[in-house]
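Below, read A as the first sequence line, B as the second, and so on, with proteins coming before strands; counting in each chain starts at 1.
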2 protein chains.
Amino acid sequence: MVKISDVARHAGVSPSTVSYVLSGKRTISEDTRRRVQESIDALGYTPHAGARALASNRSNVLALMLPLRPGIHVPVVMQFAASVVTTARAHEHDVLLLTQEEGADGLRRVAGSALADALIVMDVQLHDDRIPQLRTLDRPSVLIGFPAEPDGLTCVDLDFRAAGALCVEHLAALGHRCVDLVGSPPEVYERETGFAQRVAEGFREAGAAHGVTSVIHPCEATPEAARRTAERLLALHPELTAIVVHNEPIVAPLVAAFRDLGLRVPEDLSVVALCPDEIAERAPMPLTSVAIPAEELGSRAVQLLMAKLDGRPVPDATLLPPRLTVRSSSAVRRPA
Amino acid sequence: MVKISDVARHAGVSPSTVSYVLSGKRTISEDTRRRVQESIDALGYTPHAGARALASNRSNVLALMLPLRPGIHVPVVMQFAASVVTTARAHEHDVLLLTQEEGADGLRRVAGSALADALIVMDVQLHDDRIPQLRTLDRPSVLIGFPAEPDGLTCVDLDFRAAGALCVEHLAALGHRCVDLVGSPPEVYERETGFAQRVAEGFREAGAAHGVTSVIHPCEATPEAARRTAERLLALHPELTAIVVHNEPIVAPLVAAFRDLGLRVPEDLSVVALCPDEIAERAPMPLTSVAIPAEELGSRAVQLLMAKLDGRPVPDATLLPPRLTVRSSSAVRRPA
DNA sequence: ATGAAAGCGCTAACAC
DNA sequence: GTGTTAGCGCTTTCAT
């Protein structure tokens with residue numbers, strides 16, 4: 001194995017000079033820099049990561065804890081992970097993969113052993129047992145999602161409130177005056193990650209602001225529940241011309257149920273979904289939707305960590321703006 | 001940060017004794033072991049990973065290079081990754097995530113810096129530019145898939161030949177005597193990863209062995225191609241009662257095309273797919289299928305690496321037996 | 001069964 | 001602008 005002293009000898013300089021050429025933490029004459037670089041290339045030198053971590057107190061590794069539980073949409077997780085790795089590499093960092101199962105202990109382990117300099121935790125729950133651990137750790141971390149008490153933590157997420165509002169605004173602009181939200185199962189509104197409530201808030205506020213009659217219907221994630229909900233909505237609001245769906249598994253069944261009830265999409269009923277692009281694209285009819293910006297979440301999380309590692313100040317909360325993609329399921333309201 | 005000398009002092013022993021308690025590489029009196037362990041717990045000691053790597057020449061990290069390119073079925077990749085991480089953790093190892101983009105350089109980097117002790121490379125192509133790099137590296141590696149020249153490399157994969165045969169055997173046992181294979185696009189049979197050929201071989205051999213008339217039809221991965229293939233198959237073999245599909249994207253369109261041609265599945269036509277379980281389960285009609293055993297691939301890959309790291313001999317090729325799951329798309333052949 | 005001490009390869013403080 | 005050197009925290013040989 002070729003080490004820094006080998007490079008130093010080959011280039012006729014001291015080991016520290018090689019180190020400084022690599023780190024750029026000292027001004028080096030152009031001539032020396034070139035000679036050292038040539039020796040590095042000639043010998044194929046790669047610094048020993050462990051030695052570096054020991055001497056510098058920096059491993060240049062980020063730990064990434066991903067959810068692998070069912071119910072999480074896998075492509076979104078992968079996209080997020082890919083973005084984290086790519087962005088980390090652009091900042092000279094590597095990524096250590098941890099599973100949710102490792103829990104708080106896993107975070108303590110990689111932080112305590114100095115294996116990782118910083119941590120990214122995805123799929124944060126409202127009351128997450130990893131939060132207390134993160135608070136005691138000396139290493140910076142970024143959460144994807146917001147816990148119940150986010151004070152002092154750095155959190156990133158889609159701005160779900162704005163996302164709820166954006167759906168309504170899109171439909172209002174198309175002339176719709178009565179829009180219902182088919183939401184997540186009732187229990188999600190009580191516990192879980194809290195985003196369901198925020199969508200509902202944005203939905204309600206935008207409805208009020210645009211003079212749109214709007215009602216929120218929690219809905220179980222089963223095709224039967226979707227069908228019952230469709231029937232109930234039409235019974236309650238014969239004048240209904242548009243819906244927003246925030247409940248991934250039933251997007252397709254719900255659209256099918258409305259079809260069976262004689263409503264054509266988008267002629268009679270416009271549909272906007274809040275779901276991964278993959279699902280919106282592959283539905284039998286491509287759906288107008290607001291997606292989770294997985295890629296941007298990943299790169300933002302890494303950027304925030306890099307700032308914290310550099311001692312730069314960062315905002316506690318980062319809310320990414322929602323983006324709505326118009327597809328075939330929403331259209332101008334037709335006169336009755 | 002609490003270090004090994006702190007623990008040693010607290011327990012009234014030397015640092016080396018603490019180290020030996022942790023590694024078990026020396027016999028320690030029961031009394032000493034207990035005192036040391038209590039000190040470790042009391043102080044919350046976690047060994048410094050970098051220092052350990054430097055002194056022991058072992059990082060206890062495996063590098064995992066995953067494909068993120070389109071065309072790879074994402075849930076399979078995630079399942080594989082989860083299995084690798086879980087199995088690695090059971091062997092006291094962590095997992096560093098690399099993307100395919102990093103290529104051969106990425107492998108050299110993590111191996112050269114001693115960041116990783118060993119490497120797992122997924123989605124190996126027939127002529128993969130990472131193979132030469134792997135051969136020059138001093139660190140053990142395991143490939144998922146087989147390159148054109150696998151000599152001296154440790155490779156793991158589903159036994160695609162056996163998988164092709166298993167499909168035919170299942171159908172033969174149901175009384176089918178004429179079975180066609182709808183395969184991958186023509187070009188896949190020439191380059192790519194080579195598994196398409198192996199499926200075809202197993203299919204052909206099993207057909208011959210069981211007295212089943214069998215023909216192989218490469219097919220483009222578009223719904224239109226699926227429809228044309230369906231028409232062609234029926235024209236060529238009016239007596240056709242079963243097909244095997246090895247082409248993920250067109251599984252659903254192909255089944256739909258046969259339906260439109262008046263063939264009911266499974267009454268008139270049995271269908272067996274070679275595709276991820278996810279796809280087989282979620283098809284409009286649940287499909288009898290042979291899946292990629294992602295989880296087993298992951299754990300096997302790690303086990304092989306652990307053996308290599310321990311200096312134990314391992315087989316060059318590991319072929320995992322296929323497993324067929326019977327669902328609703330295959331049935332006993334009905335008398336004409 | 002245990003201790004003492006020599007490194008592992010690198011960084012960064014100190015010297016010039 | 002460059003060299004010297006003292007650690008970083010651990011493992012492992014050598015010694016007893």
### Task
Could you tell me the separation between the NZ atom of K3(B) and the P atom of dG7(D), rounded to a whole number of Å?
11 Å

### Query
Hey, are the side chains of L96(A) and L64(A) touching, using non-hydrogen atoms and a 4.5 Å cut-off?
no

### Task
For the residue pair V121(A) and I131(A), establish whether any side-chain heavy-atom pair is separated by less than 4.5 Å.
no

### Query
Would you say the side-chain atoms of T32(A) and S29(A) include a donor-acceptor pair closer than 3.5 Å?
yes

### Query
T27(B) side chain: which of dT2(D), dA1(C), dT2(C) is closest?
dA1(C)

### Query
In terms of the nearest nucleotide of DNA chain C, which residue is placed more toward the 5' end: L54(B) or P15(A)?
L54(B)

### Query
For N57(B) and dA6(C), what is the distance between atoms CG and C1' respectively, to the nearest whole Å?
16 Å

### Task
State whether S19(A) places a side-chain N or O below 4.0 Å from either non-bridging phosphate oxygen (OP1 or OP2) of dC10(C).
no

#### Entry: OP1 or OP2 of dG1(D) under 4.0 Å from side-chain N/O of T17(A)
no

### Task
Give the rounded distance in Å between these two atoms: CD1 of I4(A) and C1' of dT4(D).
14 Å

### Task
Could you please spell out the steps behind the salt bridge (charged side-chain N to carboxylate O under 4.0 Å, His left out) verdict for R35(A) and D31(A)?
CA-CA 6 Å; R35(A) 282 209 331 282; D31(A) 181 56; 3.1 Å; yes

### Task
Looking at every strand, decide which applies to S56(A) at a 4.0 Å heavy-atom threshold: base, sugar-phosphate, or nothing.
sugar-phosphate

### Task
Indicate whether OP1 or OP2 belonging to dT11(C) is found under 4.0 Å from a side-chain N or O atom of K25(A).
no

### Task
Please tell me if the side chains of D117(B) and H93(B) come closer than 4.5 Å, counting only heavy atoms from C-beta onward.
yes

### Query
Quick one: L22(A) CG to dT11(C) P, roughly how many Å, whole number?
7 Å

### Query
Quick one: is dC10(C) close enough that its OP1 or OP2 comes under 4.0 Å of any side-chain N or O from S5(A)?
no

### Message
Measure CG/D6(A) against C1'/dG9(C) and give the value in whole Å, please.
### Response
10 Å

### Query
So, T17(B) and S14(B): side-chain donor and acceptor under 3.5 Å apart, yes or no?
yes

### Query
What is the nucleic acid contact for S23(A), judged by heavy atoms within less than 4.0 Å: base, sugar-phosphate only, or nothing?
nothing

#### Entry: Short side-chain donor-acceptor distance under 3.5 Å, Q100(A) and R130(A)
yes

#### Entry: Distance, rounded to the nearest Å, where R9(A) contributes CZ and dT2(D) contributes P
19 Å

### Task
Measure the distance from CZ on R35(B) to C1' on dA1(C) and round it to the nearest whole Å.
12 Å

Show the distances under 3.5 angstrom between N or O atoms of the protein and N or O atoms of nucleotides 13-15 of chain D.
residue : atom : partner : partner atom : Å
dC14(D) : N4   : R26(B)  : NH2          : 3.3

### Query
If you check every side-chain atom of V13(B), which of dG3(C), dT11(C), dT2(D) has the closest atom?
dG3(C)

### Message
In this structure, how many angstroms lie between the P atom of dG9(D) and the CZ atom of R52(A), rounded?
### Response
18 Å

